[in-house]
Each structure stands twice: as C-alpha cells, then as structure tokens.
> 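Take this structure first; my questions come after.
Reckoned from all heavy atoms, side chains included, excluding hydrogens, waters and symmetry mates. In this chain, numbering begins with 1 at the start of the sequence shown.
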Amino acid sequence: MNKKLELGIDTFGDVTNDAEGKPLSHAQVIRNVVAEGILAEEVGLDFFGVGEHHRVDFAVSSPEMILAAIASRTKNIQLGSAVTILSSDDPIRVFQRFATLDGISSGRAEVILGRGSFTESFPLFGLSLSDYEQLFEEKFDLYLAVREQKPVTWEGSFTPTIHEQDVYPHVENAPLRTWIGVGGNPGSVIRAAKNGLPLMFAIIGGAPSRFGSLTQLYRSALDKFSQDVTLPIGMHSPGFIAETDEAAREIFWPAYEKLMTRIGQERGWAPMTRIHYEQEIAGGALFVGSPETVARKIARAATDLDLSRFDLKIGNGPLSHENIMSSIELYGTEVAPRVREMLG
C-alpha cells in the first residue's frame, strides 16, 4: 500500500422508488443525492463522486451542480465526477466547471475523465459514435493543455481553434486533480501513465484481482515515461451494506436484478439470475454484506491492486434512499474503521 486507503462513495443518481414502490421525481432524487453527500462527510468518508447520464432512469446530467450544493454544506470531503464523459463534452467548459467547484469547496474538487458506459450523450449533442475514439483523444489533449493554466494555442477537428487564449478561473493549487477512468482497456492505462495521471478502475463484474495485470502495466508504464511510480490507483464497484450478510443480500437483490436486467435487455446480455448474483458477491465485484464481510473484501482488493482509494457505488436501480442512507452510515462508522485496522 502506498499510503492510507481513502474510502469513498459514487452514485449515478439512480431513480429510486418511494415507500409505495413508485419512482421518485428526478428533482427529489437530486435532493436525496445532496443529502447522501452530506451524510458521507458526517460519517467520515473521504470522497463523494457523482456520475453523469442522459436517460430517464438516472437523475443526474450535471454532476458539478450537485457537487457544488454538497460543497456548500461540507468542509472536508473530496468531491468529484464518476465519470465525466469527456468525449461528448467541451473540455474547456469541463475545466471551468470543476475549477469553479474547486474554488467553492476550497480545493476539494476532482475530475475522473472517461468515455462512460452509456452512449446517449452522443446523439443528444449531435456527435457520431463513429468518431468515438477520435473525440476522446482530441478532447483529452485539449483538456490537458488547458489544465496547465497557461495561454493555449490549439487547432483540432472536433474542437475550436484558439490562439494564445487563457482559460479561467484558475485553480488555487494547480493542477486540478484529474484521474482517468478505465474499464479494462490497456491502452487507457498506458494513456494515464504517459500523462502522469492517477488511474481509476471501474470494476462491475468478475474478480477484482483480474485487474492486477493492469496495475503492473500502469506501474511499469509510469516508470517507462519517467512519471511518479507511486501515483494513486483507485477502484469503483457496486455494493450495499446492512447489519447482516443475509439482510444485505435480500434487500439489495430486487433492485440490482431490475437494474441489470434492464441494462442487459438494451445490450443483449443474458438475464441476471440469483445464482450469478450470489457468485458476484462471493468472489466477484459486488461488495454486498455485513460490515465485516464488506470490510474484508475491500481490504483484499486494496492489497491485490495496490489501491490508494476504494469507491463504493451506493445507488443501484430503484434501491430506496432510506436503504442507501443506512448503507452509507454503516460504511463510514463500521466498515471504514475495520478496513483501516486490517490494512494496518
């Protein structure tokens, strides 16, 4: 381990159900996400991340707005995206929005850049999926240039031509902390290393240990490119915590099954089964169980992958806000101390 393991939370603002099983409004879900972020600080967690989507089953399309609201009511917790879909955004505006968040929060803002696992933003903003790779690569390069906080001269195919243009506001303690989100693509790992950026694994299925080869690739690439070989590696995985293993599995299953079945129908996956669910809990990417069970699984993943941060995705399908809040409280008050004790 490089240092003390940071423990955080990610949410996509999944549209949750009320007590009668009816979907809440997007507005209410957004207010609930703000409450979840405030609670995350109260129970001592290190990071709160909000994802970006543009579809009916997720309420958050502008994470920075929500993070700013949380920043105004917290003092210590780091705040960032999970992830920012740079391919379909304006890299200059991405920097400006997070630089503004950094000012509001007194230096607590972070950006996790990625392609995202959904593609609805492409047609929404008039972009072609045939340009998928080129869009990210060009916009990533422009973002890095702007992040230097020096006048930029730039010409691209998908971005405007600018000449000796500075971008404001500036970040007080530059550079703005920026991660690269990776779902398992070795090329993305090497890109992060080449540019000296921390790496965030999105592990949503299978044993986390299988990403160990990517950890090794990242460290060796950092050395090859003469970058800091101790840069942080993080991990994001879904999960849920309750007082007992049985309670956690039973509460979480209906919401998770609906979420994965819906996404599976869109992508041609086989329906989610209870057997697969139990397998993912036992040895895969689901961190579901009692505080002791989840703590042991986090500590094992942190050791296997040399993690500096672990983020638990706490919103999953229609799982209620009340259950999410209970899970956050257990995560901060019971899981976090156990993990840190296990890791010494």
> What ring-ring contact (aromatic ring centres under 6.0 Å, His included) pairs are there with at least one residue in residues 62-105, not counting sequence neighbours?
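Qualifying pairs, neighbours excluded: none.
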> Would you say the side chains of T119 and Y132 form a donor-acceptor pair under 3.5 Å?
no
> Is the closest basic N to carboxylate O distance between R338 and E292 below 4.0 Å?
yes
> Just grab all the salt bridge (charged side-chain N to carboxylate O under 4.0 Å, His left out) pairs involving residues 115-128, residues at least two apart or on different chains.
R55-E120, R115-E133
> For residues E36 and H321, is any side-chain donor paired with an opposing acceptor at under 3.5 Å?
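Yes, because at least one side-chain N or O of E36 sits under 3.5 Å from a partner of the opposite role on H321.
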> With the threshold set at 4.0 Å, does a side-chain nitrogen-carboxylate oxygen contact exist between R249 and E278?
yes
> Between D311 and M200, does the side chain to side chain contact (heavy atoms under 4.5 Å, CB included) criterion hold? Intermediate values first, please.
CA-CA 9 Å; D311 291 336; M200 179 64 68; 3.7 Å; yes
> Can the ring centres of F240 and F287 be said to be less than 6.0 Å apart?
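Ring-ring flag for F240/F287: false, centres at least 6.0 Å apart.
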> Would K22 and N17 satisfy side chain to side chain contact (heavy atoms under 4.5 Å, CB included), going step by step from the backbone distance to the final call?
CA-CA 5 Å; K22 296 179 180 179; N17 288 345; 6.0 Å; no
> Working to the nearest 0.5 Å, report the span between OG of S290 and CG of D245.
4.0 Å
> Can you see whether N323 engages S326 through a side-chain donor-acceptor pair at a distance of less than 3.5 angstrom?
no
> Under a 3.5 Å threshold, yes or no: a donor from one side chain and an acceptor from the other, between W154 and T161?
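No pair is found: no donor N or O on one side chain lies under 3.5 Å from an acceptor on the other.
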> Can you tell me how far CD1 of I233 sits from CZ of F310, rounded to the nearest 0.5 angstrom?
15.0 Å
> If Ile, Leu, Val, Met, Phe, Trp and Tyr residues are connected whenever their side-chain heavy atoms lie under 4.5 Å apart, and connections chain through other members, are I263 and W253 in the same group?
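Yes; tracing contacts between hydrophobic side chains, which count when under 4.5 Å, links both residues.
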> How are the rings of F12 and F58 set relative to one another: parallel (under 30°), tilted (30 to 60°) or perpendicular (over 60°)?
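Perpendicular, since the angle between the ring planes exceeds 60°.
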> Taking the cut-offs as 6.0 angstrom to the six-membered ring centre and 45 degrees off its axis, would you call K139 and F158 a cation-pi pair?
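No, a cation-pi geometry is absent between K139 and F158.
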> Could you tell me whether the side chains of T84 and E52 share a donor-acceptor contact shorter than 3.5 Å?
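Per modelled atom types, T84 and E52 side chains form no pair under 3.5 Å.
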